[in-house]
Amino acid sequence: MSNKYNETIAFLKPFLNEQPETGIVLGTGLGGLVKDIQIRHQISYAQIPHFPLSTVESHQGYLIIGTLAGKEVLVMQGRFHYYEGYDMEQITYPIRIMALLGIKKLMISNAAGGLNPDFEIGELMLIHDHINLFPENPLRGHNNPQFGPRFPDMSEPYSFDFIKTAEKFAQTKNMVLQKGVYAGVQGPCLETRAEYKYLRTIGADAVGMSSIPENIVARHMGLTVFAVSVITDKCIPDQLKPLRLEEVLAAAQKAEPNLIQLFHYMVGKLD
Ligand code: HPA
């Protein structure tokens, strides 16, 4: 393993008193889960050796170490996007670090545009599969066998068991929980009507600009992944309206109580 990874691990290890079980990536406008966490350390990305720095104002950049639902968690408050100019290694660096620190499960949230006409703004979609349309794969290049195999299997990118558990929970709470395929694109521009039509045709239910690189490195390192999209806007070609960032953030906020409840439950439940 390169010195870089060793240096980051050496910096972070003293902050851990227990083995973290779960890593969590908090997506756009979904930071409220933090209120449920008993925070022991909240470390600015700027302080952590070799961590990339967050550039988008709506994203804070902190690694949180604490407990949630009685479980030891590592939480990325703020993530890195390809459209910001980072390369794939930088985007996925914190995921690899969390895996090296011993997490076994990764929970991801993101904001996504709804392509499936049955989806409403503010609903949650469990991601059961994805279509990777990023121009690069984070595993391209020399494979480090300490991280994982050259050709990682992707037949279950998002744990079927976790999805079942989440669906059962949602039923007991009368929570609408959609399920679908997430298409990941590089952005930063939103898609054209023709592109939405294309994305729907190839089998996507939602589209966003994150999460897939994180999922790929997590699966490469043997983590089980659970991921949820908040549907922040409708991407139906004939009804398309200009989208404003404030609308995306407002929709994410509207969905936040359900997402928090779901993540809280799932962290406590997963073994
Ligand atoms: N495309 C369209 N709408 C969106 C996206 C996207 O990538 N992310 C959130 N809403």
Side-chain angles (χ1 to χ4, degrees), residues 25-33 54-60 76-86 88 91-92 107-138 157-158 176-216 227-256 258-260 262-263:
V25 183
L26 296 177
T28 306
L30 309 168
L33 183 69
S54 232
T55 62
V56 180
E57 274 177 38
S58 52
H59 297 99
Q60 301 157 291
M76 282 177 69
Q77 191 179 25
R79 65 141 63 85
F80 304 98
H81 297 88
Y82 192 74
Y83 63 74
E84 294 174 88
Y86 302 109
M88 284 290 179
I91 291 171
T92 55
M107 300 182 57
I108 299 175
S109 68
N110 61 48
L115 298 159
N116 184 324
D118 296 338
F119 292 0
E120 296 304 330
I121 291 174
E123 286 180 349
L124 302 180
M125 181 191 89
L126 299 178
I127 302 179
H128 76 81
D129 209 341
H130 71 221
I131 301 173
N132 181 13
L133 297 173
F134 281 89
E136 270 189 82
N137 188 298
Y158 304 89
V176 178
L177 213 45
Q178 305 285 5
K179 187 163 62 171
V181 173
Y182 175 91
V185 294
Q186 68 167 313
C189 59
L190 297 163
E191 295 69 34
T192 63
R193 284 171 297 133
E195 285 164 345
Y196 287 136
K197 198 167 169 192
Y198 157 76
L199 291 168
R200 185 71 187 138
T201 304
I202 63 170
D205 295 288
V207 55
M209 304 173 193
S210 67
S211 302
I212 291 183
E214 296 154 0
N215 173 276
I216 290 173
V228 180
S229 290
V230 174
I231 304 300
T232 54
D233 52 291
K234 281 189 156 245
C235 303
I236 311 295
D238 339 324
Q239 300 160 21
L240 199 61
K241 291 187 304 214
L243 178 65
R244 291 177 315 136
L245 182 62
E246 303 88 81
E247 286 168 350
V248 170
L249 297 180
Q253 247 164 33
K254 184 177 148 204
E256 205 171 33
N258 277 348
L259 187 75
I260 290 174
L262 179 65
F263 267 38

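Atoms within each ligand, like the ligands themselves, are counted from 1 in listed order. Heads up: numbering here begins at 1 and tracks the sequence.
Distance CD1/Ile216 to CG/Asn132: 4.5 Å, rounded to 0.5 Å. Rounded to the nearest 0.5 Å, atoms CG (Leu262) and CG (Leu124) are 6.5 Å apart.
For atom 3 (N) of ligand 1, the closest non-hydrogen atom of the protein is Asp233 OD2, 2.9 Å. For atom 6 (C) of ligand 1, the closest non-hydrogen atom of the protein is Val207 O, 3.5 Å. Of all protein heavy atoms, the one lying nearest to atom 1 (N) of ligand 1 is Glu191 OE1, 2.7 Å.
By the 6.0 Å contact criterion, OH on Tyr198 is open, its count of non-hydrogen atoms from other residues, nucleotides or ligands being 12 or less. Remark: Lys234 NZ is packed, more than 12 non-hydrogen atoms of other residues, nucleotides or ligands lying under 6.0 Å away.
Under 4.0 Å from ligand 1, the heavy atoms of Cys235 that appear belong solely to its side chain. Contacts of Tyr83 with ligand 1, taken as heavy-atom pairs under 4.0 Å, are absent altogether. Contact annotation: for Leu190 versus ligand 1, heavy atoms closer than 4.0 Å belong to the side chain alone.
Each of the atoms 9 (C), 10 (N) of ligand 1 lies under 4.0 Å from some heavy atom of Thr232. Those atoms of ligand 1 with a heavy atom of Gly113 less than 4.0 angstrom away are 3 (N), 4 (C), 5 (C), 8 (N), 9 (C), 10 (N).
Of all the listed residues (Ala206, Gly187, Ala111), Ala111 holds the heavy atom that lies closest to atom 8 (N) of ligand 1.
Nearest heavy atoms, Ile91 versus Pro213: CG2-CB, 4.3 Å. Smallest separation of non-hydrogen atoms from Pro117 and Ile236: CA-CD1, 3.8 Å.
In this structure the side chain of Ile127 reaches within 4.5 angstrom of the side chain of Asn110, judged on heavy atoms.
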